[in-house]
*Asks:* 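Structure provided below as C-alpha cells; questions to follow.
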Amino acid sequence: MEPREAASVETGSERTGENQAPGESPAIRGLPPAPNGSWSLASRIVIMLAIVVAAIGVLLHLTLVFLFVAPSNAISREYGGLVDGYVYPEFDQNWQLFAPNPLQQNIAVHARAQVKFADGSVRTTNWVGMTAQDIKEIRDNPAPSHAHQNMLRQAWDFYNRSHDEKGRPLGLRGELSEAYVRRIAAHRIGPRVDGGQVVKVQIYASNTPIVPPKWSTERVDTRTTYQVLPWWPVSKEEFQ
Amino acid sequence: MSVEKDTARARSPFKGMGIKLDTAIARGLNRITGAALAPYQSAIVRIGFSLTFALYLLREWPHRLELYGTTSPWGFDLAHRLVASNHAFTVLLWSNDRLWFELVYHGTIVACLLLLVGWHTRTMSLLFMVGVLSLLNRNVLLGDGGDTLIHLMASYLVLTRCGQVWSLDARRRARAAMLGGDGSNAMSVTLWVVCGAGLALAELTGFADIPLGWVLILWGLWLVQALWFWAVRSRFSEVRAVCDVVANLVHNSAMLVIAAQVCLLYATAGWYKIQGPRWQDGTALHYPLHLDYFSPWVSLSQVLDSRSAMVTLITYGTVFAQVAFPFALLNRRVKNVLLAILITEHATIAVICGLPFFSLAMVFADMVFMPTNALRWVGAKAAAGRDRVTRRGRRSNSPPEDGSAGPRVTTGTGSPHA
C-alpha cells in the first residue's frame, strides 16, 4: 500500500475537479467502465452492496483488533465480550515486545525424578538443568529451534500465568499448564533411569535478576530466588 | 451559489467544495473498484510469508514431531481440551495418526513453495492458510511474535489477488491472453474438484471435526471459486465484470487491513514501551542482551552492551521508530527512511537475539510499505540474476536458445517476474 501515492493522486484529481465544467457529473466515473457501455441496475446493486459490506467489515475488524491490543479502557470494557469473541482464537495477538519492560531476570527450570526399581526401592535422581540444556543448543546457533528457544520457556511462563501466588491452578489452563510442564520434564528425563521406572517428577525454577548496567542508577536486589513445586506423579502415557 | 458577489473579497475556501468532494469520492470509488491496488506489495507479502514459513518448517524438520506431532509434550489430549475451549481451527486434531501428521506437515511445505512461485495462487493461498493455522494452533504455546504475524497474514492473504505479478499465474495469464483465453485451465478445475471432494469426504466420514464457522468459510470459498469459473466462461460479460469489481474491492480491503495491522503492531509495541521505566531511562536494550535464551553469540551481545551511549541511543531509537512509524506513512520520504531503519533493526535482531524467522516475518511485513519502484527494481535484479543462472545452465546443457519460450515473460506493466 502506498498511502502517499494515493494522496498525491487525490490532490491531483481535486485540481482537475476545480476546472471541470459544472454540468459534468463526476459520479459517472465512480465505477470502472462496464463491458457493455453501462452497468445494469442489478450490477450496480451488487457492487454497492459489496462496497458497503467491505467498508463495514474493514472498519469492524480494525476497531475490534484495536480495542483488543489497546490497554483496557472504558470502551473495551463495555464491549469486552464482543472484542474477545471476535479476536479469539484466530486474530489473537500480543505486540508488547519487551514492553512495558524487558524481562529482567534469567529463569532456569530444573527437574528431578523419583525412580522405582523392581526390588521395591525408590531413589531420587540429581537435578537436571532443563534450561541449561536449551541454552547449550542455542549457543552459537544462527537459527535456534522453537524446541529449545520457546517450548520450555513459554510452558513455564504459561504455568505461572495460569496459577495464583499460592500455586493453585486457575481453571482449565492451570490444569493444562501443569500437565504440559510435567510432560516436558518427563520427556527430558525419559521413562527409565538406571533400569528403574520414573514415577514422580519435581520441578523448581531459579530466577536470577540481571544486574543493571554499571552506568545505571537503578538499585536492585540481585539475589537469586527460587520457586519449588511439589512432587507430581507421572503416568507411563505421559512419556510418549 | 452566488459567486459573483464574492469576487471582490478573497475567494471563499469553500468554493466548489461540493463538486470537489463528489469528484474525490468518485475518484476513490473508481480506484478501489477498478483495480486490485498494490500488486507488487501484495506479491511481496505472498512471497515473503510463504518463504518464511517454508524455511521455518524445513529448519524444524528434525523437531517436527516434538513440536507439533505425535510425540509432543503438548499432547493430543491437552491440545484437544484447549481447542475445545477456544474453537481454534486445526486439522491436526482430526487424528493422532503419525501418517496424518506427516501428510499435513509436508503438505504445508509443498503449499508454501507453490504459493511462493504463484502456482494456482487462489487455491494455494487457501491451503497455505489451512496448513499454517493447523500447525500453529496444534501447539499455540510455542509461538512467538513471528508466528502470530504469519498466522494473521496467512488469513488475510486468502482475500487478496496476490498473484498478479511475480507468479506462474501471471505468466500463464499473459500467455493465455495472447491466445484469447482467461488463464484458468484444466488444472485449476482439477484442484477445485480435489479440494471439494477432500473436504466432503473428510466431513462425511466423520474424520473432520470442523467448527461451524469454518465449515461456512471453507465451503463459501469453494463456492466463490465455482462462481468465478462460471463467470469467466459466461456469455454475459457483465457477470464477469461484476465479479472482477467485487474481487478488487475484497483485495483492496484486505490490503488495507494488512497495512493497518502492521501499523497496529508498531503502535502497540512502541506505546507500551513508552510506559516502561527501563525504556525511559535508556537501559532497556541491556537486558535482552543478557537473557540466556536470546543471546546465541555472547561476545557479540557483550560488544553491543559495552558502551552506555550506544545502549541508550538504540533503546531510544527503537521507541522513536516504533511510535513514529504509523505517522511516518503520511510522508513518503520519512516513511522510506524509517522503513530502512526498521528493516536494519530486524536484520540485527535476527542475528543478535537468534530470531531469524521472527525477523524475516517482520521484514516482509515492513515491505508492504515499500515503494513500487523499489520493489520492481528488486524484481528486475532477481529476474536478471535468475536469467543469468538459467542461461549458464542452458549453455552447459547446450540446447538451442529459444527467444520466446524462456522463463522470462513480461506482463502488461512490462515488469520481469521473479
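Labels below follow one simple rule: chain letters A, B, ... track the order of the sequence lines, proteins then strands, and each chain is numbered from 1.
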*Asks:* Mind checking the CG-CG spacing from A:Leu172 to A:Leu170? Nearest 0.5 Å is all I need.
*Replies:* 11.5 Å
*Asks:* With a 3.5 Å cut-off and no angle check, do the side chains of A:Arg153 and A:Asn150 form a donor-acceptor pair?
*Replies:* yes
*Asks:* With a 4.5 angstrom heavy-atom cut-off, which part of B:Leu78 approaches chain A: side chain, backbone, both or neither?
*Replies:*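 Its backbone and side chain both get close to chain A.
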*Asks:* Heavy-atom distances under 4.5 Å only: say whether A:Ala147 touches chain B with side chain, backbone, both or neither.
*Replies:*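 For A:Ala147, the contact with chain B is made by backbone and side chain together.
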*Asks:* When only pairs under 4.5 Å are counted, which of A:Val211, A:Val58, A:Asp140, A:Val69 shares the most heavy-atom pairs with chain B?
*Replies:* A:Asp140
*Asks:* Does any backbone or side-chain atom of B:Leu149 lie under 4.5 Å from a heavy atom of chain A? Answer side chain, backbone, both or neither.
*Replies:*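 Both backbone and side chain of B:Leu149 come within 4.5 Å of chain A.
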*Asks:* What residue in B:Pro277, B:Gly270, B:Ser155, B:Pro62 has the most heavy-atom pairs under 4.5 Å with chain A?
*Replies:* B:Pro277
*Asks:* Who wins among A:Thr131, A:Asn94, A:Val181 for the most heavy-atom pairs under 4.5 Å with chain B?
*Replies:* A:Thr131
*Asks:* So which part of B:Tyr156 gets closer than 4.5 Å to some heavy atom of chain A, the side chain, the backbone, both or neither?
*Replies:* side chain
*Asks:* Sort A:Ile51 into side chain, backbone, both or neither according to what part of it lies under 4.5 angstrom from a heavy atom of chain B.
*Replies:* both
*Asks:* Let me know if B:Phe89 has heavy atoms under 4.5 Å from chain A in its side chain, its backbone, both or neither.
*Replies:* both
*Asks:* Among A:Ala143, A:Gly57, A:Ala50, A:Ala108, which residue has the highest count of heavy-atom pairs closer than 4.5 Å to chain B?
*Replies:* A:Ala143
*Asks:* Identify which part of A:Pro212 has an atom lying under 4.5 Å from any heavy atom of chain B, answering side chain, backbone, both or neither.
*Replies:* both
*Asks:* Tell me, side chain or backbone of A:Glu218 under 4.5 Å from chain B's heavy atoms, or both, or neither?
*Replies:*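 Contact with chain B: side chain only.
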*Asks:* Under 4.5 Å from any heavy atom of chain B, what part of A:Phe98 do you find: side chain, backbone, both or neither?
*Replies:* both
*Asks:* Measure distances from B:Arg81 to the heavy atoms of chain A and classify the residue's part below 4.5 Å as side chain, backbone, both or neither.
*Replies:* both
*Asks:* Between B:Thr268 and B:Leu264, which heavy-atom pair has the shortest distance, and what is it?
*Replies:*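 Looking at all heavy atoms of both residues, the closest pair is OG1-O, 2.5 Å.
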*Asks:* Where does A:Arg173 contact chain B at under 4.5 Å (heavy atoms): side chain, backbone, both or neither?
*Replies:* side chain
*Asks:* If you count heavy-atom pairs under 4.5 Å between each of A:Ala179, A:Ser216, A:Pro71, A:Ala155 and chain B, which one has the most?
*Replies:* A:Pro71
*Asks:* Name the member of A:Ala186, A:Ala185, A:Ser145 that forms the most heavy-atom pairs with chain B at distances under 4.5 Å.
*Replies:*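 Of A:Ala186, A:Ala185, A:Ser145, A:Ser145 has the most heavy-atom pairs under 4.5 Å with chain B.
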*Asks:* Side chain, backbone, both or neither: which part of B:Glu66 has a heavy atom under 4.5 Å from chain A?
*Replies:* both
*Asks:* Out of curiosity, B:Asn252 CG to B:Arg31 CZ, how far, rounded to the nearest 0.5 Å?
*Replies:* 8.5 Å
*Asks:* Name the region of A:Ala70, side chain, backbone, both or neither, that has any atom closer than 4.5 Å to a heavy atom of chain B.
*Replies:* backbone
*Asks:* Given A:Pro32, which of B:Leu29, B:Thr33, B:Asn248 fulfils the side-chain contact (heavy atoms from CB on, under 4.5 Å) condition?
*Replies:* B:Thr33
*Asks:* Given heavy-atom pairs under 4.5 angstrom as the criterion, report whether the side chain, backbone, both or neither of B:Cys353 touches chain A.
*Replies:* backbone
*Asks:* When rounded to the nearest 0.5 angstrom, what distance separates CH2 in A:Trp156 from CG in B:Leu141?
*Replies:* 14.5 Å
*Asks:* What part of B:His87 is in contact with chain A, defined as an atom under 4.5 angstrom from a non-hydrogen atom: side chain, backbone, both or neither?
*Replies:*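 Backbone only.
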*Asks:* With a 4.5 angstrom heavy-atom cut-off, which part of A:Leu97 approaches chain B: side chain, backbone, both or neither?
*Replies:*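 Looking at A:Leu97, backbone and side chain both touch chain B.
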*Asks:* Heavy-atom pairs under 4.5 Å with chain B - which of A:Leu62, A:Thr208, A:Ile138, A:Thr217 has more of them than the others?
*Replies:* A:Ile138
*Asks:* B:Leu142 versus chain A, heavy atoms under 4.5 Å apart: side chain, backbone, both or neither?
*Replies:* both
*Asks:* Between A:His146 and chain B, which part of the residue has a heavy atom less than 4.5 Å away: side chain, backbone, both or neither?
*Replies:*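 For A:His146, heavy atoms of backbone and side chain both lie under 4.5 Å from chain B.
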*Asks:* What class does the angle between the rings of A:His163 and A:Tyr159 fall in, given that below 30° is parallel, 30 to 60° is tilted and above 60° is perpendicular?
*Replies:* parallel
*Asks:* Against chain A, label B:Asp244 side chain, backbone, both or neither, depending on which of its atoms sit under 4.5 Å from a heavy atom there.
*Replies:*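 Interface part for B:Asp244: neither.
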*Asks:* Side chain, backbone, both or neither: which part of B:Val245 has a heavy atom under 4.5 Å from chain A?
*Replies:*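 The side chain, not the backbone.
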*Asks:* Assert yes or no for the condition that the ring centre distance of A:Tyr86 to A:His61 is strictly below 6.0 Å.
*Replies:* yes
*Asks:* Which region of A:Ser40, side chain (C-beta onward) or backbone (N, CA, C, O), has a non-hydrogen atom less than 4.5 Å from a non-hydrogen atom of chain B, or is it both or neither?
*Replies:*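 The answer is both parts of A:Ser40.
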*Asks:* Using heavy-atom distances under 4.5 Å, tell me whether B:Asn139 contacts chain A through its side chain, its backbone, both, or neither.
*Replies:*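 Contact with chain A involves the side chain of B:Asn139 alone.
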*Asks:* Relative to chain A, which segment of B:Ser295 carries a heavy atom at a distance below 4.5 Å: side chain, backbone, both, or neither?
*Replies:*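 Both backbone and side chain of B:Ser295 come within 4.5 Å of chain A.
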*Asks:* Non-hydrogen atoms of chain B under 4.5 Å away: do they reach the side chain of A:Gln105, the backbone, both or neither?
*Replies:*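 Just the backbone, heavy atoms under 4.5 Å.
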*Asks:* Identify which part of B:Trp214 has an atom lying under 4.5 Å from any heavy atom of chain A, answering side chain, backbone, both or neither.
*Replies:* side chain
*Asks:* With only heavy atoms counted, which part of A:Asp92 is less than 4.5 Å from chain B, the side chain, the backbone, both or neither?
*Replies:*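 Only the backbone of A:Asp92 comes within 4.5 Å of chain B.
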